[in-house]
Amino acid sequence: MSKILLIVSDLLTQLNDSQREAVVHTEGPVMIIAGAGSGKTRALTYRIAYMLEKGVDPFSVLALTFTNKAAKEMKSRIMELVGSDKGRNVWMGTFHSIFARMLRVEGHLLGYPQNFTIYDSDDSKRLIKSITNELSLDTKVYSPSYVLHRISGAKSNLFSAQDYCNNTDITNADFSAGKPMIGEIFKMYNTRLKRADAMDFDDLLFNTNVLLRDFPEVLYKYQHKFKYVLVDEYQDTNYAQYLIIKRIAALNENICVVGDDAQSIYSFRGANIQNILNFKIDYPDNQLFRLEQNYRSTKTIVNAANGVIAQNKDQIKKTVWTDKENGELITLLRASSDNEEGTLVANSIFGFKMSKQLPNNSFAILYRTNAQSRSIEEALRRQGIPYKIFGGLSFYSRKEVKDLLGYFRLVINHNDEEALLRIINYPARGIGKTTIERLQVIANEQNRSIWELIEHPLELQQEFNKGVIIKLDDFVTKIKSFSVQMKTKTAFDLARHITTSVAIVADLKEDDSPEGVQRIENIESLLNAIQEYSEKEPVIDEETGEAIKENTLQGFMQDVALLTDADNDKEENADRVVLMTIHAAKGLEFPYVYIVGVEENLFPSIQSLGTRAELEEERRLFYVAITRAELKLTISYAESRFRWGTPTLCEPSRFIEEIDAAFIEQPRKKISFQANKPYSIPQTPKLAKNLKKLEIEPMSLSEPFESSESDKLEVGMTVLHQKFGQGRITDIEGAGANKKATVAFAAVGNKQLILKFAKLRIINEN
DNA sequence: GATTGTGCCCTTTTT
DNA sequence: GGGCACAATC
């Protein structure tokens, strides 16, 4: 008794007043509005630890997070606080993984087998594409990603395919967008998913809602099971997620949501900021706690971020403050090209490393799009700085990995059509395109899966010749023989057996290029991961005694579709500079942060300039980026950047101006470049060398490029541009900051330049 | 039916 | 600068 009290009070002493209040109010609806860096995760983990210490049954606690990584971290923190025997049994995970687990148990009520496959968005797009082709629709008009976006949006708002087609607002919108067939594609897509015993990401949430809505006994079971529901990153939940929580928590109303409307950055995938705003309406007797003290960043960073986010109209009022020191000013780096941007950033990191003796993992480089990593990466490599890229082409989406996983998937679920199509002729076994197409046509006619057709080759004798039938039969026999071994072999033994037996590695060995070697390494690391999994203890649900995870291949495969790169890093503590998108950086913090590519049309993205809501989401994203920094923030932009393989002019983002100038370090010297080197501005080794000599002072390479006053420019003049060389002005429009000139350059043709940024020197005035 | 070459998209952000 | 669809050839 006294020991428990001691531990409980011990827990509470490590919190500030508002955190403590949020932790001890364990009953009833609670909303915690937590500013960036205010110890939100701390409050949540301590709250759970506190409940467990007070004697709450860990099996009755459901904690939903946004990423697997966050769940894993939180769980290990809780286990540190209260011991692993209690902490281990809390239900903690992402919405998708928790409810996938539930659907494995209850899905039969909806007609799904226990071994259903989870299609990732890659699978979904392939399926949509083949449906679009079957309907003889133009895949450019009906681009798979757009169609999937529409379907996903519908499912996130709990619209079935039928609802979608019956809703005139939706159908009218599709009709005026010139895409009236999306509803039809939606229907066929769902039919085909069902036929493949598969669910896509959104189905996991949609079907959970159907279960809780249509099966009172299921609702009853989970309402009684989960007496406490906690949701992290509540601002990023969509309607389907919102309703699941609401339904499960309806009985006990012990629901605690944690969020920050200022950090809502996922509305593009259906997240609804209204969920946070409506919490008060849904639970009138709610308790609201605000965590406003930032423990992460310097005053400069906190105040700069506050100033930026203040420009958004839609937000819950709150004041984030810190009692840390002012710290260093924000540095602004201007580069003439994306390559130079990389060099400047790499040099800056190198400089800090040397002068302050910092490890590499004190630094993070954040960008808006994955495509930006390349130029940064090259610069870091030249500078000899080790780095790690998160995201991008994730490990699980590499072709060779997906191929092998395709075998595993088909072995587990024969009806998994995307897996079957992927591997039926890889490695090549003489089952060609025509055969596959005919099989698909027959399958669609009879509404059976391809597997059901080829499983009975005798029925196909009229359709195919003897040779083809034998090949199909061999394939079926092979897959079946693997399936038989699923019960007797460990995941690793079976995976290895399949890999050698279908000769994937042998096929890859044909290619001895570095990429080919890399592919074999990827296969090996997949097998290593499976081996590690096989050697772990099986996970048993102590409540029911059921094995939640066995060490079978099926067990391994259950979550694979829900894993991302970030969940998979073994060298988590390796000393490397971290590169990732801002989205991926949410929830993380680093002493030194670089936000790169802060340019109009890139950040904010050109696709988000349409509405205020979209622009405000971009601004929140910028806010998230700024608030990742603990000590020092550096922002960079380039004046030109390779996009679509050609150099494009860029101008600095409006977001830079939105930072109060008092927080920005004024450059000592203008960054400028030599005029008489038209197209070879900074690239590669030579410049890197120069810069290295100059340490972090890349700003004074040579004489400044003096530009002429833009209001002297007139049509007909011949001008020199620092990058595009000589050209003739053919048109001038606009005034002031928006004044633009069209210039016909000898080297690169017509360009429209914004005179505020383009440095033009008049060479000839006629 | 497989392999190689060419031209045409493209680019947000992720479970 | 890359991935993917289609065409041409073996």
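Protein chains get the first letters and strands the later ones, always in sequence-line order, with residue 1 at the start of each.
Atoms OH and CD, on A/Tyr234 and A/Gln241 in that order, are 10.0 Å from each other to the nearest 0.5 Å. Atoms CD1 and CD, from A/Ile469 and A/Gln461 in turn, are 5.5 Å apart once rounded to the nearest 0.5 Å. Note that OH of A/Tyr242 and OG1 of A/Thr237 are 9.5 Å apart. Values are rounded to the nearest 0.5 Å. Between A/Met557 atom CE and A/Thr117 atom OG1 the span is 8.0 Å, to the nearest 0.5 Å.
A/Thr648 places a side-chain N or O within 3.5 Å of a backbone atom of A/Thr646 that can act as its donor or acceptor partner.
A straight line from CD of A/Glu233 to P of B/dT13 spans 19 Å, rounded to a whole angstrom. For the pair A/Gln607 CD and B/dT14 C1', the computed distance is 16 Å after rounding to whole Å. Atom pair A/Asp123:CG and B/dT15:C1' shows a separation of 14 Å (rounding to whole Å applied). Atom CG of A/Leu602 and atom P of B/dT13 are 10 Å apart (whole Å). For the pair A/Ile118 CD1 and B/dT15 P, the interatomic distance rounds to 14 Å; values are reported in whole Å. Between the CG atom of A/Leu621 and the C1' atom of B/dT12 there is a distance of 10 Å, rounded to whole Å. Counting to the nearest Å, the C1' atom of B/dT11 and the NE2 atom of A/His149 are 15 Å from each other. The separation between A/Leu615 atom CG and B/dT13 atom P is 18 Å, rounded to whole Å.
Scored by the side-chain contact (heavy atoms from CB on, under 4.5 Å) test, A/Thr611 finds A/Ala613, A/Glu614 as partners (sequence neighbours excluded). In this view, A/Asp122 and A/Asp120, A/Arg126, A/Lys402, A/Arg422 satisfy the side-chain contact (heavy atoms from CB on, under 4.5 Å) rule, not counting sequence neighbours. The salt bridge (Lys or Arg N to Asp or Glu O under 4.0 Å) check on A/Lys75 picks up nothing, with sequence neighbours excluded.
No engagement by A/Ser97 is indicated, since no non-hydrogen atom pair under 4.0 Å with the nucleic acid exists. Across all strands shown, A/Phe95 has no heavy atoms under 4.0 Å from either base or sugar-phosphate atoms. Using a 4.0 Å heavy-atom criterion, one finds that A/Arg374 contacts the sugar-phosphate atoms exclusively.
Screening residues 258-269 of chain A for side-chain hydrogen bond (donor to acceptor under 3.5 Å, both in side chains), with sequence neighbours left out, gives A/Asp260-A/Gln263, A/Asp260-A/Lys318, A/Asp261-A/Lys318, A/Gln263-A/Arg628, A/Ser267-A/Glu617.
Residue whose closest nucleotide on DNA chain B sits further toward the 5' end, between A/His96 and A/Ala371: A/Ala371. Nearest-nucleotide assignment on DNA chain B puts the 5′-proximal partner with A/Thr435, out of A/Thr435 and A/Glu614.
Applying the 5.5 angstrom centroid cut-off and the 30 degree plane-angle cut-off, the aromatic ring of A/Phe66 is not stacked upon the base of B/dT15.
Relative to the side chain of A/Ala584, the nucleotides B/dT14, B/dG1, B/dT15 differ in distance, and B/dT14 lies closest. In this structure, the nucleotide among B/dG1, B/dT15, B/dT13 sitting nearest to the side chain of A/Phe268 is B/dT13. Side chain of A/Thr581, nearest nucleotide from B/dT11, B/dT15, B/dT13: B/dT13.
A heavy atom closer than 4.0 Å to some atom of DNA chain B occurs in no member of residues 124-133 of chain A.
Within a 6.0 Å sphere centred on OH of A/Tyr387, heavy atoms belonging to other residues, nucleotides or ligands number more than 12.
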Protein proximity profile, nucleotides 2-9 of chain B - base contact B, sugar-phosphate-only contact S, no contact -, cut-off 4.0 Å on heavy atoms: S------S

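Between A/Ser605 and B/dT13, a side-chain N or O to OP1/OP2 separation shorter than 4.0 Å is absent.
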